[in-house]
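In what follows, residues are counted from 1 in the order of the sequence shown. Remember, it's 1-based here, ligands and their atoms both numbered in the order they're listed. The model shown is predicted, which means the values in this text are computed figures rather than measured ones.
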Amino acid sequence: MSERTNEPRESVCPFCGVGCGLTYDAERGKGVGWRGAVNTRGELCPKGVAAFEHVDHADRLRTPLIREDGALREATWDEALDRIETAFGEAIARHGPDAAFFFASSKCTNEANYVVQKLARALGTNNVDNCARLCHASTVAAMAERFGAGAMTNSLRDLTEADVFLVAGANPAVNHPVIFRSYLLPALKAGTELIHLDPRATATTDAATHHLPVRPGFDIPLLNAMAAVVVEEGLVDEAFVRERTTGFEALRAFLDEVDVDAAAEQTGVDAETLRTAARSYGSADRAAIFTGMGLSQHHCGTDNVHALLNLALLTGNVGTRGAGVNPLRGQNNVQGAGDVGALPDRLPGGRIDDPATHERCATEWGFDVPTTPGLTEVEATHRFGEDVRVAYVFGENPAVTEPNVSRVREKLASLDCLVVHDVVRSETVEFADVVLPGGTWAETDGTVTNTDRQVQRMRAMADPPGDARRDLDVLGAVAERLVGEGFACDGPEAVFEELTRVSATYAGMSYDGIGTGSQRWPFPEGATEGTAVLHEGTFASGSTTADLRIVEHVDPVDPVGDDELVLTTGRILEHYNSGALTRRSGTLVRLRGTDALQIHPGDAARRGIEDGDRVRVANDRGMVELAAEVTPGVRSGTVFCTFHFADPLVNTLTGDTLDPVAKIPPFKHSAVRVTVAAADN
Ligand SMILES: Nc1nc2c(c(=O)[nH]1)N[C@H]1C(S)=C(S)[C@@H](COP(=O)(O)OP(=O)(O)OC[C@H]3O[C@@H](n4cnc5c(=O)[nH]c(N)nc54)[C@H](O)[C@@H]3O)O[C@H]1N2
Ligand SMILES: Nc1nc2c(c(=O)[nH]1)N[C@H]1C(S)=C(S)[C@@H](COP(=O)(O)OP(=O)(O)OC[C@H]3O[C@@H](n4cnc5c(=O)[nH]c(N)nc54)[C@H](O)[C@@H]3O)O[C@H]1N2
Ligand code: SF4
Ligand SMILES: [Mo]
């Protein structure tokens with residue numbers, strides 16, 4: 001790193017929700033792990049090692065920019081803040097506070113997200129959301145409704161005691177590599193079985209005992225069939241069902257009618273493998289579920305997870321060590337961004353319709369807190385240029401990562417004023433009227449909450465370059481302009497202390513207490529570590545029971561024509577989400593950067609496609625061209641590619657018919673036509 005570097009200090013990796021301890025090795029010029037709360041031996045994946053490479057990249061934003069005569073030009077902070085003050089002031093004066101929308105950032109600290117949501121509320125709107133909406137919103141909706149909390153039910157450490165892992169629609173070998181290698185693999189080596197539900201064979205499948213290559217969008221009939229086998233073969237935990245659930249008789253009647261062979265056929269898996277997997281999960285002493293985007297990112301994402309919860313409840317696998325339902329959270333602080341209230345229906349510590357939460361926030365903040373839930377992220381983008389006139393994008397790249405992104409790009413361009421607060425010149429910057437240069441993770445002090453609810457500290461090792469400022473300073477300056485000087489933002493530790501006063505979830509935690517370890521919520525008074533296993537004896541909802549529920553199959557929204565294939569999208573190890581940072585890392589780009597379309601040999605042959613050919617993938621929403629990777633690793637009828645590259649802009653193909661409950665888009669199921677590119681030139 002540059003002369004801006006102070007000394008190496010203990011921070012946390014800015015990429016995935018594992019939350020590895022990361023610092024800098026000046027001699028070797030790269031990131032190295034310290035013995036953190038999760039990577040207890042200091043292990044990292046390649047993204048952590050390369051995490052410093054974007055910090056000094058030439059594309060770093062070093063000064064504010066404002067749009068003039070159609071082009072962005074360098075500006076002073078005063079000019080940029082003036083522009084925001086005028087635009088937000090006018091929009092709110094004319095159309096009311098709901099004319100503004102805030103994207104909070106699940107890549108940024110609890111403190112920064114706390115300030116963003118408080119700013120929105122001080123202006124009088126609940127229009128604030130973060131990319132959890134695109135991610136585990138459906139999982140959280142289902143789990144919060146049935147269990148009373150949407151987070152991982154268990155801790156990584158106790159999960160290693162499981163006899164069976166059921167990994168549904170997730171690829172932890174690639175997306176949560178340190179969890180996979182340091183927690184799952186050792187258990188697998190010691191005899192734990194792994195059942196993998198995924199339309200593709202991935203690096204996770206390589207370690208699996210049973211692979212169920214489900215047709216994308218058909219997890220509900222598959223999970224129902226597994227539950228039917230559990231009931232049929234007497235594997236129900238009757239004591240648990242009696243004491244901790246309701247609705248068993250109705251669900252049993254429903255499952256009695258399930259034809260397991262027909263369901264296997266419908267979902268595209270072998271009936272015997274399905275039965276064996278169900279038997280393995282149902283007869284295990286302790287069986288733990290991990291769930292990911294393959295389940296959550298469908299227009300029936302919430303129902304997918306409801307079907308999964310039935311399995312765990314029927315077999316008594318909730319509220320004990322080595323069990324539970326565990327959403328592998330995506331971004332380094334997506335858990336925390338939701339915890340601190342950067343959601344349109346939640347305040348720090350509770351739902352917006354909970355009078356006690358509301359009262360606590362209003363008292364601490366000293367202003368009226370709006371009570372009507374705000375817009376969710378994708379819904380909001382659809383209303384840009386209509387009733388939503390101004391937007392503030394903090395640490396997100398919607399011009400690449402939103403569904404049906406051609407439409408979203410038009411909507412971004414239709415705003416009266418778009419403010420983008422980022423660290424590099426992202427694709428979304430190109431749509432901005434005002435650009436604010438923030439600080440990367442290496443320039444940040446604050447806390448982040450990882451996938452198993454552990455709050456850890458990040459420590460700044462460098463100053464932001466040029467005129468760039470630390471994120472919290474940027475947000476403080478914006479808040480001062482929009483709300484006035486009464487809006488206190490006195491550094492990260494003071495903000496964290498305020499959070500611990502407002503939110504029962506973070507009550508009792510402190511910077512000193514966290515130190516170079518972690519504090520996990522729930523954090524009962526006098527605790528040193530926090531509670532590892534949720535829902536023991538009583539669910540977080542306060543009830544001793546959760547309901548078993550009949551979940552019917554929902555057909556995917558995109559009908560798939562005879563000549564069409566189903567496109568499902570996801571991730572590769574070396575790149576991260578929109579790629580804004582990882583595409584700016586020489587090491588990661590060199591390691592591998594494939595944007596290829598995985599296609600089954602049979603589907604390829606029928607279209608005259610050979611490995612390496614340029615192919616055109618199209619539907620009514622858009623078209624992209626990329627190289628074909630002909631592989632039996634993806635199931636017939638399905639094609640797969642990543643969305644990490646702004647070119648090809650894969651999200652031009654994905655649809656925006658949202659899950660009715662969680663408002664998550666169906667990134668995992670789009671009907672497409674695939675042809676050799678030259679053929680229709
Ligand atoms: N290397 C890397 N790591 C990351 C990220 C990254 O971009 N790169 N992003 C982070 C973020 S934000 C997140 S949310 C997590 C996500 O982590 P995961 O949940 O593991 O994410 P994906 O790779 O999108 O999807 C997982 C799997 O779902 C499968 N799938 C597709 N459709 C279906 C279906 O209908 N049913 C089932 N059962 N499976 C299906 C895909 O084939 C894929 O292998 O990763 C985090 N970690
Ligand atoms: N097709 C398809 N699309 C998807 C998905 C999929 O599986 N398939 N997955 C969805 C999911 S799960 C997610 S989480 C979203 C992710 O969507 P995004 O959150 O939009 O993706 P990122 O690339 O993580 O964008 C982060 C932005 O924040 C900036 N940034 C990074 N660090 C900092 C910082 O410290 N400060 C500031 N101010 N800015 C910073 C980066 O430069 C980048 O522009 O994508 C979704 N889109
Ligand atoms: S596993 Fe996740 S948190 Fe750990 S180094 Fe890799 S990207 Fe960073
Ligand atoms: Mo995510």
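Of the protein's non-hydrogen atoms, the one nearest atom 4 (Fe) of ligand 3 is C20 SG, 2.4 Å. Taking atom 14 (S) of ligand 2 as the reference point, the nearest protein heavy-atom neighbour is C131 SG, 3.4 Å. Taking atom 8 (Fe) of ligand 3 as the reference point, the nearest protein heavy-atom neighbour is C13 SG, 2.3 Å. Nearest non-hydrogen protein atom to atom 21 (O) of ligand 2 is N577 CB, 3.5 Å. Atom 41 (C) of ligand 2 has its closest protein heavy atom at D422 OD1, 3.4 Å. Closest protein heavy atom to atom 6 (C) of ligand 2: F643 CE2, 3.4 Å. Protein heavy atom closest to atom 3 (N) of ligand 2, with residue, atom name and distance, is N651 ND2, 3.1 Å. Nearest protein heavy-atom contact of atom 8 (N) of ligand 2 is T569 OG1, 2.9 Å. From the protein, the heavy atom lying nearest to atom 35 (O) of ligand 2 is G439 O, 3.2 Å. Shortest contact from atom 6 (Fe) of ligand 3 to any protein heavy atom: C45 SG, 2.3 Å. Atom 32 (N) of ligand 2 has as its closest protein heavy atom K107 CE, 3.7 Å.
By heavy-atom distance, the residue among Q297, R584, R133 lying nearest atom 9 (N) of ligand 2 is Q297. Taking only non-hydrogen atoms, the option from H54, M458, E396, H644 nearest to atom 19 (O) of ligand 2 is E396. The nearest non-hydrogen atom to atom 33 (C) of ligand 2, considering only L134, N332, V423, V393, comes from V423. Remark: among candidates Q331, K668, R571, H136, the nearest residue to atom 12 (S) of ligand 2 is R571, based on non-hydrogen atoms. Of the listed options G395, S296, S105, A580, G395 places a heavy atom closest to atom 28 (O) of ligand 2.
Around CG of D206, the count of heavy atoms belonging to other residues, nucleotides or ligands within 6.0 Å exceeds 12. Within a 6.0 Å sphere centred on CD of E430, other residues, nucleotides and ligands contribute more than 12 heavy atoms.
A donor-acceptor distance shorter than 3.5 angstrom exists from the side chain of R60 to the backbone of V423, with no hydrogens or angles considered. With R621 contributing its side chain and T652 its backbone, the two residues share no donor-acceptor pair below 3.5 Å.
Heavy-atom distances between P403 and ligand 2 stay at or above 4.0 Å for every pair. At a 4.0 Å cut-off, at least one heavy atom of C108 sits close enough to ligand 2 to count as contact. The shortest separation from a heavy atom of E443 to ligand 2 is not under 4.0 Å, leaving the residue out of contact. At least one heavy atom of C135 sits closer than 4.0 Å to an atom of ligand 2.
Both the backbone and the side chain of S578 come within contact range of ligand 2, each with a heavy atom under 4.0 Å. Looking at D471 against ligand 2, only its side chain comes within 4.0 Å, counting heavy atoms. Of the heavy atoms in V400, none comes closer than 4.0 Å to ligand 2.
Contact detail for L588 and P46: the closest heavy-atom pair is CD2-O, 3.8 Å.
Of all atoms in ligand 3, numbered sequentially from 1 with element shown, those under 4.0 Å from a heavy atom of G48 are 5 (S). Per-residue contacts place M293 under 4.0 angstrom from the following atoms of ligand 2 (heavy atoms of the residue considered): 12 (S). The ligand atoms of ligand 3 that sit less than 4.0 angstrom from a heavy atom of K47 are 7 (S). Every atom of ligand 3 is numbered from 1 in the order shown, and the set under 4.0 Å from a heavy atom of F15 is 7 (S). Residue contact check: P177 has heavy atoms under 4.0 Å from atoms 1 (S) of ligand 3. Under a 4.0 Å criterion applied to the non-hydrogen atoms of V424, ligand 2 contributes the atoms 42 (O). With ligand atoms numbered from 1 in the order given, ligand 3 contributes 3 (S) to contacts under 4.0 Å with heavy atoms of G19. Taking every non-hydrogen atom of H421 and a distance limit under 4.0 Å, the qualifying atoms of ligand 2 come out as 38 (N). Within ligand 2, counting atoms from 1 as listed, the ones closer than 4.0 Å to a heavy atom of F394 are 38 (N). Within the listing of ligand 2, atoms 44 (O) sit less than 4.0 angstrom from a heavy atom of S426.
The closest side-chain heavy-atom distance from R635 to V214 is not below 4.5 Å.
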Pair T449, D339 - check side chain to side chain contact (heavy atoms under 4.5 Å, CB included), show working.
CA-CA 9 Å; T449 308; D339 292 345; 3.9 Å; yes

How far apart are the C-alpha atoms of E74 and L65, what are their side-chain angles, what is the distance that settles it, and do they pass the side chain to side chain contact (heavy atoms under 4.5 Å, CB included) test?
CA-CA 4 Å; E74 291 189 358; L65 307 171; 3.9 Å; yes

Side chain to side chain contact (heavy atoms under 4.5 Å, CB included) between L653 and T569: does it pass, once the steps are laid out?
CA-CA 10 Å; L653 298 167; T569 58; over 6 Å; no

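With ring centers used as reference points, W441 lies under 6.0 Å from F52.
At least one N or O atom of T401 sits closer than 3.5 Å to an N or O atom of ligand 2. On a distance-only criterion, N397 and ligand 2 share at least one N/O pair closer than 3.5 Å.
Judged by distance alone, the side chains of T381 and E402 never bring a donor and an acceptor atom under 3.5 Å apart. Between S155 and D452, the side chains place no donor N or O within less than 3.5 Å of an acceptor N or O (distance only, hydrogens not considered). For the 3.5 Å distance criterion, the side chains of T587 and E53 qualify, holding a donor opposite an acceptor. Side chain to side chain, E111 and T447 meet the donor-acceptor criterion of an N or O pair below 3.5 Å. For the residue pair H196 and T205, a side-chain donor N or O sits within less than 3.5 Å of a side-chain acceptor on the partner. A donor-acceptor contact closer than 3.5 angstrom is absent between the side chains of D659 and S138.
The pair K663-E379 meets the salt-bridge criterion, with a side-chain N (NZ, NE, NH1 or NH2) lying under 4.0 Å from an Asp/Glu carboxylate O.
Using a 30° and 60° split on the angle between ring planes, F384 and F103 fall in the perpendicular class, above 60°. A perpendicular orientation is assigned to the rings of F165 and F290, their planes being inclined by more than 60° (bins at 30° and 60°).
At least one N/O/S atom of C16, from backbone or side chain, sits under 2.8 Å from atom 2 (Fe) of ligand 3.
Between the CD1 atom in I179 and the CG atom in L156 there is a gap of 4.5 Å [rounded to 0.5 Å].
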